[in-house]
There are 2 protein chains.
Amino acid sequence: MSSQPASMRDVAHRAGVSLSTVSRVLRGAPGVAPDVRLRVQRAADELSYVVSRNASGLVTGRTGRVAVVVPFLQPWFFGVVLSGVSDALREADLDMLVYQVGETRAREGWTRALPLRRNSDAVVTVSMDLSEDECHRLDDVGVPVVLVGQCVPGRASVYIDDRAGAAGATRHLLNLGHTRIAYIGARREEWSSTSSRHRLEGYGAAMATAGLAPWSVGKATGHAGGELAMGELLSDQDPPTAVLAEFDDIAMGAHRILRRSGVRVPGSISLMGFDNHDAAAVLDLTTVDQAPYDTGLAAGRLTVGILDGKARTDTHVEMPTQIILRQSTAAPRGARGLST
Amino acid sequence: MSSQPASMRDVAHRAGVSLSTVSRVLRGAPGVAPDVRLRVQRAADELSYVVSRNASGLVTGRTGRVAVVVPFLQPWFFGVVLSGVSDALREADLDMLVYQVGETRAREGWTRALPLRRNSDAVVTVSMDLSEDECHRLDDVGVPVVLVGQCVPGRASVYIDDRAGAAGATRHLLNLGHTRIAYIGARREEWSSTSSRHRLEGYGAAMATAGLAPWSVGKATGHAGGELAMGELLSDQDPPTAVLAEFDDIAMGAHRILRRSGVRVPGSISLMGFDNHDAAAVLDLTTVDQAPYDTGLAAGRLTVGILDGKARTDTHVEMPTQIILRQSTAAPRGARGLST
DNA sequence: CTGTTAGCGCCTTCAA
DNA sequence: TTGAAGGCGCTAACAG
């Protein structure tokens with residue numbers, strides 16, 4: 001209604017008290033008579049008054065805002081993480097600023113380009129896979145940083161054990177009786193995140209433990225890469241009986257190729273993904289769940305904890321992964337594994 | 001490094017000029033000697049100085065921030081829209097605040113609970129399907145509002161023509177020669193958004209034009225609903241030869257049931273979705289694309305335009321929809337349609 | 001318990 | 001073209 005939104009003065013006036021009293025009430029500070037508190041609250045309500053974080057922040061030095069930096073906003077994963085972060089911040093009455101900075105190569109200098117400096121109380125990076133350099137530049141911003149999907153010693157990090165997840169997935173296939181297990185991932189030159197590296201390592205380790213040689217194919221990321229890689233595998237003179245993909249998107253591309261080629265899943269080839277993508281359920285894809293919502297929630301709460309001085313800035317939170325069994329994996333034909 | 005971030009005074013000091021000069025340079029205001037401008041800029045760079053939006057906003061009354069309100073953050077759709085909004089705002093150097101307010105019934109009073117009032121320059125709502133009441137309460141906030149995915153006369157809206165999209169999809173199926181075309185949507189009591197209503201109407205209209213009676217099944221939303229609805233249709237004594245789903249998630253659930261039941265798509269039943277969900281490509285699902293990224297971009301730009309006084313607050317932008325032909329639709333067996 | 005005072009960091013007059 | 005002064009809305013010390 002009012003073209004000029006009410007200010008604290010208006011509330012004070014209406015309640016018949018001074019500015020500081022209004023301030024105290026609205027901040028929930030102690031030392032205000034109950035009846036006065038009530039009167040002020042009513043006055044504020046009637047004027048639909050909301051404290052300007054701008055002005056209060058100027059004094060307190062806190063903005064009431066947390067910046068969340070993501071490379072992309074489109075992939076399913078980030079929305080889910082953000083959802084968790086958002087819920088956690090809301091609990092603490094903090095606002096969430098979201099910055100999309102694009103792929104690694106294009107984001108030179110985002111640490112300074114973004115108005116982080118005095119405009120947010122903390123920075124949460126999601127799957128940014130920061131270099132040492134970027135980390136240091138973030139320090140310059142002078143606010144606590146929480147890394148999601150990346151584990152850096154000495155820094156607040158929330159992440160999953162990609163190695164263990166991939167190893168577990170590999171073991172699942174091994175236990176079913178598979179020995180010819182291929183791994184499809186993104187080509188290292190295109191997308192060499194730490195998580196990417198760890199998953200490959202986990203696969204390799206599990207294979208080694210089983211006394212088997214690793215067999216990995218690296219193509220582009222996403223559906224397209226999965227299609228290419230699976231095409232290659234199907235053209236091998238002795239194709240695998242099971243395939244583990246670095247993430248579900250890749251698995252989905254592979255699935256499509258298998259469907260089109262008339263190769264039965266899991267009849268002829270078992271296929272397994274990683275991430276528990278939304279659509280994995282639709283494809284009945286066995287996969288590794290990494291609970292991105294919980295990760296976001298944990299990251300948000302850790303951020304709040306750090307801001308409240310209740311958590312250390314070098315806290316590490318490792319989120320569990322979990323194998324989600326669906327219809328895309330089974331024992332190979334004539335297996336001598338668990339499926340006897 | 002400095003624990004206390006540099007302030008404008010520090011920059012002024014370092015450049016050997018006054019505060020106002022620094023302010024002018026950093027705002028790009030005219031009336032500063034080129035060499036001075038340069039000197040100030042260098043000083044600011046060296047101190048990695050960033051203007052505090054908090055402080056400047058206090059004076060100018062503008063916060064440099066736009067609030068984007070979404071019901072959920074997890075579904076694919078919102079991430080894509082946000083991505084577009086983010087890019088548009090970034091062009092104008094505006095920050096994006098994101099608020100997730102939950103489902104309709106749970107969001108009583110979000111218009112006042114959120115610190116929108118003096119904390120953002122504009123509000124963008126995405127698929128919020130605001131009631132008259134909520135719209136008015138938003139007016140109270142006193143900032144321009146842009147509605148995405150909802151068309152309200154007299155208010156800035158960016159939306160698609162759901163009716164036309166659904167009608168087009170139906171016509172696609174009709175043209176292929178189908179006559180027994182069923183529609184699966186979310187049950188009205190669960191999710192009665194305008195968009196939902198319009199899609200059903202579009203389907204109904206196209207059927208009517210073709211002289212056919214509509215046949216719609218309403219179940220839960222999401223995969224689950226699609227599964228239930230398709231189950232019901234498959235149990236009909238004369239099942240449809242084509243099915244149009246209100247959105248891709250539902251179509252995917254239906255697809256799963258068809259796959260499990262051994263019903264060939266599109267051999268026995270053609271299946272069509274709406275939205276062009278990420279995973280629709282993987283399932284080879286014919287669908288209606290509604291370009292959510294472009295929608296977000298348009299909404300963001302419209303917001304910027306309104307803030308700059310270059311666009312009217314009642315601008316309507318209708319985004320085009322487009323049929324994406326994939327492998328899930330074909331002429332029915334023995335059709336006399338286009339497929340002769 | 002309440003009110004008064006002095007800034008927070010910046011932009012906007014106005015005067016030089 | 002530049003500098004000095006005032007105040008944006010609020011909080012934090014202090015006084016009462």
Side-chain angles (χ1 to χ4, degrees), chain A residues 2-41 43-44 47-65 93 115-121 142, chain B residues 2-41 43-44 47-65 93 115-121 142:
Chain A
S2 45
S3 54
Q4 282 301 69
S7 85
M8 207 172 230
R9 188 179 8 248
D10 302 322
V11 180
H13 213 77
R14 189 178 183 102
V17 295
S18 76
L19 275 177
S20 6
T21 303
V22 177
S23 172
R24 277 191 274 262
V25 171
L26 265 34
R27 270 178 301 134
V32 180
D35 58 319
V36 176
R37 188 177 288 276
L38 220 67
R39 216 166 61 229
V40 170
Q41 234 134 28
L47 295 168
S48 347
Y49 172 77
V50 178
V51 174
S52 159
R53 292 211 145 129
N54 256 13
S56 66
L58 202 52
V59 179
T60 60
R62 293 186 49 160
T63 62
R65 264 168 252 129
D93 206 36
L116 300 172
R117 187 156 281 269
R118 276 169 183 289
N119 298 293
S120 54
D121 296 337
Chain B
S2 49
S3 56
Q4 282 298 69
S7 87
M8 207 172 229
R9 188 183 1 249
D10 302 320
V11 180
H13 213 76
R14 188 178 186 100
V17 294
S18 75
L19 277 175
S20 358
T21 302
V22 177
S23 170
R24 276 190 276 261
V25 171
L26 265 33
R27 271 177 302 131
V32 180
D35 57 321
V36 177
R37 188 179 290 275
L38 220 65
R39 217 168 59 230
V40 170
Q41 234 133 28
L47 295 168
S48 349
Y49 172 76
V50 178
V51 174
S52 158
R53 287 192 138 100
N54 255 12
S56 65
L58 201 52
V59 179
T60 60
R62 290 185 55 160
T63 64
R65 264 168 253 128
D93 204 37
L116 301 172
R117 185 157 284 267
R118 275 168 182 289
N119 299 294
S120 55
D121 296 338

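Every chain is numbered from 1 and lettered A, B, ... according to where its sequence line falls, protein lines coming before strand lines. The model shown is predicted, which means the values in this text are computed figures rather than measured ones.
Summarising the geometry, atom CG belonging to B:Asn54 is positioned 4.5 Å from atom CG belonging to A:Asn54; distances are rounded to the nearest 0.5 Å. With values rounded to the nearest 0.5 angstrom, A:Met8 atom CE is found 10.0 Å from A:Ser18 atom OG. Here the CZ atom belonging to B:Arg53 is positioned 9.5 Å from the CZ atom belonging to A:Arg65, to the nearest 0.5 angstrom. Interatomic distance, B:His13 NE2 to B:Ser7 OG, rounded to the nearest 0.5 Å: 11.0 Å.
Overall bending of the helix from C:dC1-D:dG16 to C:dA16-D:dT1, expressed as the angle between end axes built from five pairs apiece, is 30° (10° steps).
The two atoms that bring B:Gly61 and B:Asp121 nearest to each other are O-OD1, 4.4 Å, heavy atoms only. The nearest pair of heavy atoms linking B:Ala44 to B:Val11 is N-CG1, 3.9 Å. Of all non-hydrogen atoms in B:Thr63 and B:Ser120, the two that sit nearest each other are OG1-CA, 3.3 Å.
Not counting sequence neighbours, the partners of A:Val17 by the side chain to side chain contact (heavy atoms under 4.5 Å, CB included) test are A:Ala15, A:Thr21, A:Val22, A:Val36, A:Arg39, A:Val40.
Reading DNA chain C from its 5' end, the first and the last nucleotide to sit under 4.0 Å from a heavy atom of chain A are C:dC1 to C:dG9. Bounding nucleotides for the chain B contact on DNA chain D, 5' to 3', at a heavy-atom distance below 4.0 Å, are D:dT1 to D:dG9.
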Task: side-chain contact (heavy atoms from CB on, under 4.5 Å) between A:Val51 and A:Arg27, intermediate numbers included - done: CA-CA 9 Å; A:Val51 174; A:Arg27 270 178 301 134; over 6 Å; no
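Looking only at distances, a side-chain donor or acceptor of A:Thr60 sits under 3.5 Å from a matching main-chain atom of A:Ser56.
Contacts between residues 21-32 of chain A and DNA chain C, defined by a heavy-atom separation under 4.0 Å, are made by A:Thr21, A:Arg24, A:Gly31, A:Val32. Across residues 49-61 of chain B, B:Leu58, B:Val59 each have a non-hydrogen atom less than 4.0 Å from an atom of DNA chain D (numbered order).
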